[in-house]
Amino acid sequence: MAGAKLMGNLKDGREVYEARGNLCSNIFGLSGRGVSAPYLATPEQVALIRLDGVHNNWSRTSYALAKIKGKSTIITADSPYMNKTMARVAVEAHRSGKYPTLPLVVYEFLEDIARKQSSLSPEERSVHIMQGKPNSEWTIVLTPEMEDSKFLLKRFNDQYFKKFDHSSINFYDLPKNVSKGETTMNYLWFNLPQDGSDLSARGRDLGGGGRASGVLDESRSDDAPEKGFSLGEILDDEGLTSDFAPNQIKKIRDTFEQKGYKITRKH
Amino acid sequence: MANYEAKQIGKVKGLGTAYEVSAPLDKQIEAFNDVGIVSLASPEEEAILRIAGVSNKYSRTSMAPVGVKGEKPILYRVSPFMNPAMTRVAVGAHGSGKYPSLDRDFYEAVEGIAKADEGLEPEDRRAIVLQSSDNFDLSPEMEEARFIFGNSTAKYFDKFSHKVIPFYNLPLEDTPKGKCAVNYLWFDGPQDGSVLDAGDGDLDDDVRASGVLRSAVGASSGISNPTLTQIRKANLEAIPRVFEQEGLSRLSDLVGDSLNRELLETLRKK
């Protein structure tokens, strides 16, 4: 369900929203509140949300992961899945119990960019090849001095480990045995601080109900109200046809408004 | 390896600063990203640049034709290939003489958007199902033309004395089962008839595209605000109210619809 809820404000005044549902609904809900692409918070933003005491809920993040057989996982801040149509591809793959895949060239491209950016400090990179070696459970144990941690949490890295008293954070890597001849893609999930702030690259739950936070970069002015949705957009988001008789429309509008949607336009 | 850079070609008031790059799509997007542009110009933006005299050259655009075998193709404003990693998918496919393909779910998502937007004016929609799977000619009053060129439709046809603009469709016979073909929309120069080609396959070559760095005014107000759909809906409320206030309610029933239609047509020509 798409209505994103205001969770509070960061110390710099920016509003934090949380949307629940599948990834399409997360994007739909956050964009409806004016959150701009990539809509979902980055791991760095989720860390800030927690450090500023807005909330400690777990969250999907906007970062994407790419892996091919025999090579390390690459993380990109510029996920191809952070729009409604590509999100649908990821949602359907997860609903089928699979990871979304793209051609091999996607991994090669990201690897090329990551190599070009390797001279930058990890905090400045947009693409990063995971440096830590997975243990026998295919988990990379992140500590604050590692490049991987600095890339993920950026300027809040040290503060985050310290505030939540983490000596390490588990990064559950994409499975070792991904299929050959294609790039296995996924998203990054950020667990609660009280549960160790695990970062998981393995989740296949984008088709189900999940939380995702988003940060509204600028406060809305009074003359720019939140966007809201047309009934057609909501029915589309809910996977329903919009071919209803006129006398059914009022009842449908009432139902969706009770579910938390803000309906702004006539259908 | 060639070093590609976006070159500034001019400015258009209310829109922004225009750049151009001739490169394979992945290098092109990278070069545009370097100057802060995240996408190729849309056909509407390219039309505005041509009307303003900033560019009269052919251009790739950010619009994506999407299709599956046996169904009419859909035009979608938000191409997945404007994402840096995804550019490689498109370049790789064209380099192999194929159209890029994605899972069929992508088509279904775009189709859902096209259906959800059916009640909007074409200029305001995010996606539109084309009337035909074959090639056809666009005239300025057609929904497809208004979707592609937005508020610049009438001006563009007038400026370049085009009665029609040929639209070459996306061939779908070879689309694999369970997949959809996703391509880009090519926009030929006005001197060559401004042909729109959804079936072009040269994203791996050094070919030109414009990009627009939106100015603060262009970015915040947009070139389509208020939308024609919003104007139509406001008219639907205002016209009967005014007639009623003047004691002419019946007249509203008689001329309200045509008055609204004519107001929109007049706006489209402005």
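What's counted below: heavy atoms across the whole structure, side chains too, no hydrogens, waters or symmetry copies.
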Using ring centroids (six-membered ring only for Trp), state whether Y4(B) and F32(B) fall under 6.0 Å.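 Distance test on ring centres: not under 6.0 Å, no.
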How far apart are the closest heavy atoms of [X] and [Y], and which atoms are they?
X       : Y       : result
K154(A) : R125(A) : NZ-O, 3.6 Å
A201(A) : N186(A) : O-ND2, 2.7 Å
H94(B)  : D202(B) : ND1-N, 3.3 Å
D204(B) : G95(B)  : OD2-CA, 3.3 Å

To the nearest 0.5 Å, what is the distance between OG1 (T87(B)) and CG (L203(B))?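 That separation rounds to 9.5 Å.
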Residue-level contacts of residues 37-45 of chain A with chain B, using a heavy-atom cutoff under 4.5 Å: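 So far as heavy atoms go, nothing in residues 37-45 of chain A approaches chain B to under 4.5 Å.
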Is there any residue in residues 93-106 of chain A with a non-hydrogen atom under 4.5 Å from a non-hydrogen atom of chain B, and which ones are they?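 Heavy-atom contacts from residues 93-106 of chain A to chain B are L102(A), P103(A), V105(A), V106(A).
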Could you look at [X] and say if it's the side chain, the backbone, both or neither that has a heavy atom under 4.5 Å from chain A?
X       : result
N83(B)  : side chain
E30(B)  : side chain
L102(B) : side chain

Could you check T184(A), D148(A), D173(A) and say which one makes a side-chain hydrogen bond (donor to acceptor under 3.5 Å, both in side chains) with T73(A)?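 Of the listed residues T184(A), D148(A), D173(A), the side-chain hydrogen bond (donor to acceptor under 3.5 Å, both in side chains) partner of T73(A) is D173(A).
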Answer yes or no: is there a donor N or O on one side and an acceptor on the other, between the side chain of R146(B) and the main chain of P122(B), under 3.5 Å?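 No, R146(B) side chain to P122(B) backbone: no donor-acceptor pair under 3.5 Å.
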Measure from the side-chain N and O atoms of D117(B) to the backbone N and O of L120(B), and report whether any donor-acceptor pair falls under 3.5 Å.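 Side chain of D117(B) to backbone of L120(B), a donor-acceptor pair under 3.5 Å: no, none is there.
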Please verify the inter-ring angle class for Y76(B) with F106(B); under 30° counts as parallel, over 60° as perpendicular, anything in between as tilted.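 Perpendicular, since the angle between the ring planes exceeds 60°.
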Do R77(B) and F147(B) meet the cation-pi criteria used here (NZ or CZ under 6.0 Å from the six-membered ring centre, within 45° of the axis)?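 Ring-cation test returns yes.
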Counting heavy-atom pairs under 4.5 Å to chain A, which of G92(B), G119(B), P84(B) comes out on top?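 That would be P84(B).
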